[in-house]
Structures are given as structure tokens and as C-alpha cells.
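Here the structure comes first, spelled out in C-alpha cells, and everything after it is commentary.
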Amino acid sequence: MESQIIVAIISAAAVVVVAFIEGISLRIRKQDEKRAEQRAEESRLSAQRAEARAERRAEESRLSMQMADANGMLTKIIAKKLLNHELNGDVEEAMNAMASAQAEYNSFLQETASKAVAKV
């Protein structure tokens with residue numbers, strides 16, 4: 001009879017220990033899930049920031065190419081002028097293209113800078 005009581009007490013103690021360990025494990029799993037969700041959210045935000053940076057770089061590259069093209073046009077016209085070739089209004093057209101490209105580029109730079117300052 002006494003041995004049955006001892007066995008029952010040991011069994012009950014084992015059940016309590018197992019339940020306690022399971023509770024701790026559940027708590028750890030929930031913390032791990034929460035950390036995994038936080039890492040996934042951080043990764044998603046990082047990807048969004050990278051995409052926004054890529055879009056800004058693409059816009060800056062497009063504007064730089066436009067300025068280079070306008071600059072090349074203006075340089076060609078100036079070279080013609082220096083060689084006394086017929087210009088037929090090319091100088092004004094090239095200067096207007098260059099001024100337009102510079103204005104767009106400066107607008108882009110100001111917009112980018114103002115957004116960067118607004119984040120601070």
C-alpha cells in the first residue's frame with residue numbers, strides 16, 4: 001500500500017514537472033515566433049527602403065543622362081560656332097535643352113534633400 005502511494009506521488013510530481021517544462025517551452029516558442037515576425041517586418045521595411053533608393057538612383061541617372069546629352073549638344077554647337085559654320089538657331093535650342101535639363105536635375109536634388117531633412 002505504501003509503495004502504491006509513493007508511486008502515485010512520484011507520478012504526480014512527474015506530471016507537474018512535465019507541465020512546468022511544457023509551459024516554459026510554450027513561452028519560449030511564443031517569444032521565438034514574435035522575434036521571427038519582427039525580423040520579417042524589419043526585412044520587409046528594409047526591402048521597401050532599398051526599392052525607394054533604387055527608384056531615386058534611377059531618376060538621378062535618367063536626369064544625369066539628359067544633362068549629358070544636352071551638354072553634348074551644346075558643346076557640338078559651340079564647336080561649330082568656333083569653326084564659323086552655319087548655326088541656324090541651334091545654339092538657342094541647345095542652350096534651352098541644357099537649361100531645362102539643369103532645372104529638372106536641380107529640382108530633383110532639392111526634392112531629395114528636403115525629404116532627407118524631413119526624416120531627421
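These numbers come from a predicted model, not from an experiment. Index from 1, following the sequence.
Grouping the Ile, Leu, Val, Met, Phe, Trp and Tyr side chains by contacts below 4.5 angstrom, directly or via other members, places Ile78 with Met98.
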Worked check of side-chain contact (heavy atoms from CB on, under 4.5 Å) between Met67 and Gln102
CA-CA 6 Å; Met67 281 184 56; Gln102 283 178 327; 4.0 Å; yes
With side-chain contact (heavy atoms from CB on, under 4.5 Å) as the criterion, how do Glu59 and Leu63 come out once you've worked through the C-alpha distance, each side chain's angles and the decisive distance to 0.1 Å?
CA-CA 6 Å; Glu59 178 67 8; Leu63 291 170; 3.8 Å; yes
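Between the CD1 atom of Ile10 and the OG atom of Ser3 there is a distance of 10.0 Å, given to the nearest 0.5 Å. Annotation: the span from Tyr105 atom OH to Ser100 atom OG amounts to 15.0 Å, rounded to 0.5 Å.
Contact annotation: the side chain of Gln66 approaches that of Glu104 to within less than 4.5 Å [non-hydrogen atoms, C-beta and beyond].
The other members of the hydrophobic cluster of Phe20, by chain and number, are Ile24, Ile28 (side-chain heavy atoms under 4.5 Å, ILVMFWY only). Other residues sharing the hydrophobic cluster of Ile5, ordered by chain and number and joined by side-chain separations under 4.5 Å: Ile9.
Side chain of Ser11 to main chain of Val7: a donor-acceptor pair is present (N/O by atom type, distance under 3.5 Å, no hydrogens or angles).
Heavy atoms only, all atoms of each residue included: Glu22 and Arg29 are closest at OE2-NH2, 3.1 Å.
Sparse packing is recorded around CZ of Arg27, with 12 or fewer heavy atoms of other residues, nucleotides or ligands lying under 6.0 Å away.
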Side chains of residues 35-45: which donor-acceptor partners sit under 3.5 Å, not counting sequence neighbours?
| residue | atom | partner | partner atom | Å |
| --- | --- | --- | --- | --- |
| Arg35 | NH1 | Asp32 | OD1 | 3.0 |
| Glu41 | OE1 | Arg44 | NE | 3.3 |
| Glu41 | OE1 | Arg44 | NH2 | 3.2 |
| Glu41 | OE2 | Arg44 | NH2 | 2.4 |

